[in-house]
Amino acid sequence: MTEQTPQEYFRLLLVTVVGQAFAAAGYALEDRPAQWAGGLFRFSRTLDDGLNAFIEFQLLAYTDTAWAAHKPSRFRVTLIRTDQPSPNLPSQHSRCVRRDLSALVVEDFQVAILPSAAHWWTYEHTEQLGQALAEAGHLVVGFGMPWLSGELSPP
């Protein structure tokens, strides 16, 4: 039996913590093992107006090496709305946007729930990862998804 990679473990906890809530909102984790191996996990859905919404979790996992000793692993969340089938393709559509979740919450909505607009969630063990994913997931559901769909705009 092979040991799980940090990326495989992250995906397992990501789906466990936020998967059901994201699925209820119409978002599905894209089946892209090559991206997962690189630490990118993307949920997507088509919005009512035909645009595509993406919620990306970018993982930087540090393993037990001398260089990475005592460095917690971290992830950030990016929200993307585009008329393209991939968030990396250029778009000229006026409603297409890309924004880090932390910047949306702290700067745009002016909710000081995170330490900064350039926040990365950090963790060193399973309990911390679960808590970080739960916090990010709540912010995605409360701010990110309604912002992506156009139902919620900053003041």
**Message:** Are Leu14 and Leu40 linked, directly or through intermediate hydrophobic residues, by side-chain heavy-atom contacts shorter than 4.5 Å (ILVMFWY only)?
**Reply:** no
**Asked** Heavy atoms, side chains only, cut-off 4.5 Å: are Phe41 and Leu29 in contact?
**Response** yes
**Request:** Would you kindly confirm whether Trp120 and Val18 end up in one hydrophobic cluster when ILVMFWY residues are joined by side chain heavy atoms under 4.5 Å apart?
**Result:** no
**Asked** Under the side-chain hydrogen bond (donor to acceptor under 3.5 Å, both in side chains) criterion, do Glu30 and Ser44 qualify, and how do the steps go?
**Response** CA-CA 7 Å; Glu30 293 181 349; Ser44 63; 3.1 Å; yes
**Message:** Within the structure provided, determine whether Phe43 and Phe54 are in side-chain contact (heavy-atom separation under 4.5 Å).
**Reply:** no
**Prompt:** Would Asn52 and Thr82 count as a side-chain hydrogen bond (donor to acceptor under 3.5 Å, both in side chains) if you check the C-alpha gap in whole Å, the side-chain angles of each, and the deciding distance to 0.1 Å?
**Reply:** CA-CA 5 Å; Asn52 297 304; Thr82 181; over 6 Å; no
**Asked** Hey, does Ser91 have a side-chain heavy atom less than 4.5 Å from the side chain of Gln84?
**Response** yes
**Complete:** Separation between CG (Asp100) and CG (Leu114), nearest 0.5 Å, reads 11.0 Å
**Message:** Val140 and side chain to side chain contact (heavy atoms under 4.5 Å, CB included): which single residue from Leu104, Val105, Val77 fits?
**Reply:** Val77
**Item:** Where Val106 and Ser116 come nearest, the two heavy atoms and their spacing
**Value:** CG2-O, 3.8 Å
**Item:** Beyond-backbone contact of Arg11 with Thr5, side-chain heavy atoms, under 4.5 angstrom
**Value:** no
**Message:** Can you tell me how far apart CD (Gln131) and CD (Gln128) are? Round to the nearest 0.5 Å.
**Reply:** 7.0 Å
**Message:** Is it the case that the side chain of Asp49 and the backbone of Leu51 share a donor-acceptor pair, with hydrogens and angles ignored and the cut-off at 3.5 Å?
**Reply:** yes
**Request:** Evaluate the side-chain proximity of Phe75 to Leu133: yes if any heavy-atom separation is below 4.5 Å, no if none is.
**Result:** yes
**Request:** Please say whether more than 12 non-hydrogen atoms of neighbouring residues, nucleotides or ligands are located less than 6.0 Å from CD1 in Ile113.
**Result:** no
**Request:** Answer yes or no: is there a side-chain heavy-atom contact under 4.5 Å between Val15 and Leu13?
**Result:** no
**Prompt:** Cluster question for you: counting only ILVMFWY and a side-chain heavy-atom cut-off of under 4.5 Å, with indirect links fine, are Val111 and Leu101 together?
**Reply:** yes
**Whether over 12 other heavy atoms sit under 6.0 Å from Asp48 CG** = no
**Message:** To the nearest 0.5 Å, what is the distance between CZ on Arg98 and CG on Leu79?
**Reply:** 10.0 Å
**Asked** So do the side chains of His119 and Arg74 get within less than 4.5 Å of each other, counting heavy atoms only?
**Response** no
**Prompt:** Salt-bridged, Arg99 to Glu107, with N to O below 4.0 Å?
**Reply:** yes
**Asked** Any side-chain heavy atom of Ser73 within less than 4.5 Å of one from Glu124?
**Response** no
**Same apolar cluster (I L V M F W Y, side chains within < 4.5 Å links), Ile55/Phe109** = yes
**Message:** Please determine whether residues Val17 and Leu139 belong to a single hydrophobic cluster, defined as Ile, Leu, Val, Met, Phe, Trp and Tyr linked transitively by side-chain heavy-atom distances below 4.5 Å.
**Reply:** yes
**Item:** Rounded distance [0.5 Å steps], CG in Leu60 versus OG1 in Thr122
**Value:** 12.0 Å
**Prompt:** Can you tell me how far CD of Glu56 sits from CG of Asn88, rounded to the nearest 0.5 angstrom?
**Reply:** 6.5 Å
Side chains of residues 148-155: which donor-acceptor pairs under 3.5 Å do they make with residues two or more places apart or in other chains?
residue, atom, partner, partner atom, Å
Ser149, OG, Met145, O, 3.3
Ser149, OG, Pro146, O, 3.1
Ser149, OG, Glu151, OE2, 3.0

**Prompt:** Between Tyr27 and Arg45, is there a cation-pi geometry (under 6.0 Å to ring centre, at most 45° from the normal)?
**Reply:** yes
**Request:** Locate the shortest heavy-atom distance separating Trp121 from Ala132; write the atom from each residue and the value.
**Result:** CD1-O, 3.7 Å
**Message:** Distance to the ring centre below 6.0 angstrom and angle to the axis at most 45 degrees; does that hold for Arg42 and Trp36?
**Reply:** no
